[in-house]
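Beneath this line is the structure, given in structure tokens, with notes to follow.
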Amino acid sequence: MTKFKHLRAPHAAKTRPCLVSSLVFATLLGGAGAAWAQMGAMPGGMSPGGMGAPPPAGQEKEEGPAEAAPEEEGKAADDAGPQAGYTNQHRRRTQVIELDGYFRTRAELLHNFNLGQGYVDNSPQDGFPPFPTPLECSTKPGWCAQKNLGDTNMRLRLEPTINISDQVRVVAQIDVFDNLIYGSTPDSLISASQPALRTNLAPTGILSNSQTTPGSNTFTSAIAPKRVWGEVDSQIGSLRFGRMPWHFGRGMYFNKGDCADCDGGTTVDRIMAITQVYGHQLALSWDFGPSGYAWGMTDAGRADPSGPPMDLSQNDEVVQLTAALTKRDDDQHFRERAQNGELVLNYGVQLVYRGQNNEVFKLSTSAQQDQTLNGSLSRTDLNNTTDTTPSLTQHIGAWLLIPSVWFKLGWKALTLEFESTAQAGRMANAGPLRLQEAGSSDDHLTILGMGWVLAADLKLYKDSLFIGFETGGATGDQAETACNDSTNCSATTQNASPYLNYRWKFVPQPIGDSSMHNFYFSPDYHVDEIFFRRIMGTVTNAIYFKPSIAYWLDVTEGRQLGLSGSVIYSLAPVPVSTPGNAMGYGIEMDLGLGYRNANEKFYAGMVWGVFWPFGALNRPIELFPSGGAGTATAAQVLRGFVGIKF
């Protein structure tokens, strides 16, 4: 963690207005000297068990290969006079800016991730392979000689904390070159959407001498602000507001996604209050889900880009209320108590309610064209008169409950941890989530799904040897036929065999099916390296069993070399939604070699994995009579990574 110089007190005459307003605000919140100290059992919720409140300033994160940073330097001496005031004293003791983050590079070679299967026939409209194939394979069905995909990518993550005082701070998360592929922005490329257009300076790639700034010839910007939120602490509790990470338990469903190998994470716009109740952390929040169409999406709004923002409807918002009660120790305290022979129990419960009255399911043809060509909607588009919808929004009458439970038990070298989350709800109008028979007026949908994880591990020989076992699962659904167009889904726009990755397909319930049971783990909850992480995208319609082992050898002081291995067996609880209508997905073996330097915050390593598919991923001839039938073949991955934490 990088820290900048202490803030020195400005002249008293210049600080009086700010001082007065700060004192009024502190009084309203019940401010006191040792605010955070009195909330010691509430260290921020970013580690397992918390609701997801961001960590307080100065608290180091323990995720990733690198160990925790040293304690921050001592506070500057308080040289303020007695008339400087309470607020000014704290400002002089606080580090003004603290900077955490990392820079990483990841390289991977994906071999045969399409499991030796191609398109179902010569038309890409009729069936996809289980994973994208190389460009050289075109869209032809069946076997392809080209089997390898891969890339090398980078990310610089910056997490600054701006301390206004010991009780008030602003925290942000900003990514630079977010998962940018090495060599993906050459000066020979003019437009990412028109790769045939080249610059006169470098009309072919081989003549390119430089890379350009992302944004000019890519779909993404070079700098991606991800999160920013404010924190205010007091004697009676803490206030959090802004766009912040959300984490609960092990991160199975709500996952902050800040590990050294994570990609996204759960982010929520939230106003949250946190306090202590008999040694438990109580957190209540009002969350802002999708808010629907805004003024900036219209042609008039686009013509006034510096004008004030405005939401165009108060009936299409997703209103979310969250409550959580947890009892937890920080990881270091938990381990110390357990190693001393105490039976340590941490636990938490969380309940989320979501409600939505209206939704925009479909735009008229002219509105879709205007949005595609101009990027905005006109008055005519907002009228949105179509054959089936007289207005832009339709009533859906949707509600959803998401209860979660978590516990963590520690005793000596043994740790046992469990987490489960369920979804239960109903939609009066399912829209594209359910296919309808012509003339049918019954378009409701019931939602019911569940996921769970149970993990046990032993840490032996001064935490050098790790032996673990994990099992988990997520409910599935019989629906398997994906849509090419989620906004205009019908029986004629569906694929018989789509990509397996749930993030690349949209699967509506078939005609006559009014219930949905799919449950999805967070993509940043990593179980393996191939099947769940890349081919499926996450754990869904699956039960898995995973024994693992790891050993870290001390090379020199602060430097360690690690070996790891795991085996994952997975099966489908709803076989009918698999390509082969069978239960077994397959077996995966992953082997890893890692290095970490705790003193210099440097880490590196590599992983090799192989996945042997079973019958659920085959394409039987009786199910694929038009072509593309065949037995799934093994996939392999070779990944390397290197990074620096600060």
Side-chain angles (χ1 to χ4, degrees), residues 1 40-41 43-44 46-50 55 58-72 100 102 249-251 258-261 327-347 406-419 453-471 526-527 546-568 589-608 641-646:
M1 178 172 64
M46 293 301 290
S47 55
Q59 178 174 315
E60 296 291 344
K61 297 175 289 187
E62 299 190 6
E63 291 76 23
E67 295 181 359
E71 293 294 325
E72 64 180 75
D100 298 284
Y102 62 77
R250 290 176 59 87
D258 71 341
C259 69
D261 197 26
K327 180 177 176 60
R328 59 174 298 278
D329 300 284
D330 63 80
D331 289 342
Q332 181 178 354
H333 190 210
F334 183 92
R335 289 195 297 266
E336 290 176 351
R337 292 180 59 192
Q339 290 172 356
N340 290 333
E342 291 186 52
L343 185 64
V344 187
L345 178 62
N346 287 183
Y347 50 87
W406 162 83
F407 78 80
K408 182 178 180 182
L409 181 68
W411 182 70
K412 294 188 176 180
L414 174 66
T415 301
L416 183 67
E417 193 168 6
F418 174 80
E419 180 183 346
V453 169
L454 176 64
D457 65 72
L458 284 170
K459 293 182 179 179
L460 307 172
Y461 301 108
K462 297 182 179 180
D463 292 347
S464 296
L465 178 63
F466 170 92
I467 301 174
F469 179 81
E470 178 178 325
T471 180
H526 298 157
V527 174
K546 176 186 176 181
S548 58
I549 188 171
Y551 182 75
W552 285 94
L553 175 66
D554 290 326
V555 180
T556 59
E557 184 178 357
R559 295 178 173 87
Q560 292 182 307
L561 188 66
L563 298 172
S564 63
S566 62
V567 176
I568 305 98
M589 179 180 67
D590 298 318
L591 302 176
L593 173 66
Y595 170 80
R596 59 189 182 189
N597 186 327
N599 298 326
E600 299 176 358
K601 307 303 179 185
F602 171 77
Y603 63 91
M606 61 186 306
V607 177
W608 172 74
F641 54 89
V642 60
I644 302 171
K645 296 190 71 175
F646 54 88

Under the criterion side chain to side chain contact (heavy atoms under 4.5 Å, CB included), I'd like the reasoning laid out for L454 against L416: C-alpha separation, chi angles, the key distance, then a yes or no. CA-CA 8 Å; L454 176 64; L416 183 67; 3.9 Å; yes

Show, in sequence, the C-alpha distance, side-chain angles and deciding distance for H333 and D331, and conclude whether the side chain to side chain contact (heavy atoms under 4.5 Å, CB included) test is met. CA-CA 6 Å; H333 190 210; D331 289 342; over 6 Å; no

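The main-chain N or O of Q332 is found under 3.5 Å from a side-chain atom of D330 such that the two form a donor-acceptor pair. Within the 3.5 Å criterion, the main-chain N or O of W552 finds no donor-acceptor partner in the side chain of D463. In this structure a side-chain-to-backbone donor-acceptor pair under 3.5 Å is missing from E419 to G249.
Considering CE of M606 and CG of L593, their distance stands at 7.5 Å, rounded to 0.5 Å. For the atom pair CG of D554 and CZ of R559, the computed distance is 12.0 Å after rounding to the nearest 0.5 Å. Atoms CD1 and CG, on I568 and D590 in that order, are 4.5 Å from each other to the nearest 0.5 Å. The CZ atom of F466 sits 16.0 Å away from atom OH of Y461, with the distance rounded to the nearest 0.5 Å. Taking CG of N597 as the start and CG of L561 as the end, the distance is 12.0 Å to the nearest 0.5 Å. If you take CD1 on I549 and CG on L465, they are separated by 5.5 Å, rounding to the nearest 0.5 Å.
Counting heavy atoms from C-beta outward, L343 and L409 have side chains that approach closer than 4.5 Å. Contact annotation: the side chain of F469 never approaches that of S548 to less than 4.5 Å [non-hydrogen atoms, C-beta and beyond]. Proximity of K408 to T415: side-chain heavy atoms (C-beta onward) are separated by under 4.5 Å at one or more points. The shortest side-chain heavy-atom distance between F334 and N346 falls under the 4.5 Å cut-off. By the 4.5 Å heavy-atom criterion applied to side chains, K412 and Q339 are not counted as neighbours. A 4.5 Å side-chain heavy-atom check between L345 and Y347 finds at least one atom pair inside the cut-off.
Closest heavy-atom contact between Y603 and A260: OH-CB, 3.4 Å. Here the shortest heavy-atom pairing between K546 and H526 reads NZ-O, 4.5 Å.
More than 12 heavy-atom neighbours from other residues, nucleotides or ligands sit within 6.0 angstrom of CH2 on W608.
Ion pair D329/R337 flagged as a salt bridge, since at least one NZ, NE, NH1 or NH2 atom sits closer than 4.0 Å to an Asp/Glu carboxylate oxygen. Using a 4.0 Å cut-off between charged nitrogen and carboxylate oxygen, E600 and K645 do not count as a salt-bridge pair.
For D261, the side-chain hydrogen bond (donor to acceptor under 3.5 Å, both in side chains) criterion is met by R106, R533, R639, not counting sequence neighbours.
No hydrogens or angles considered: nothing links the side chains of W411 and E342 as a donor-acceptor pair under 3.5 Å.
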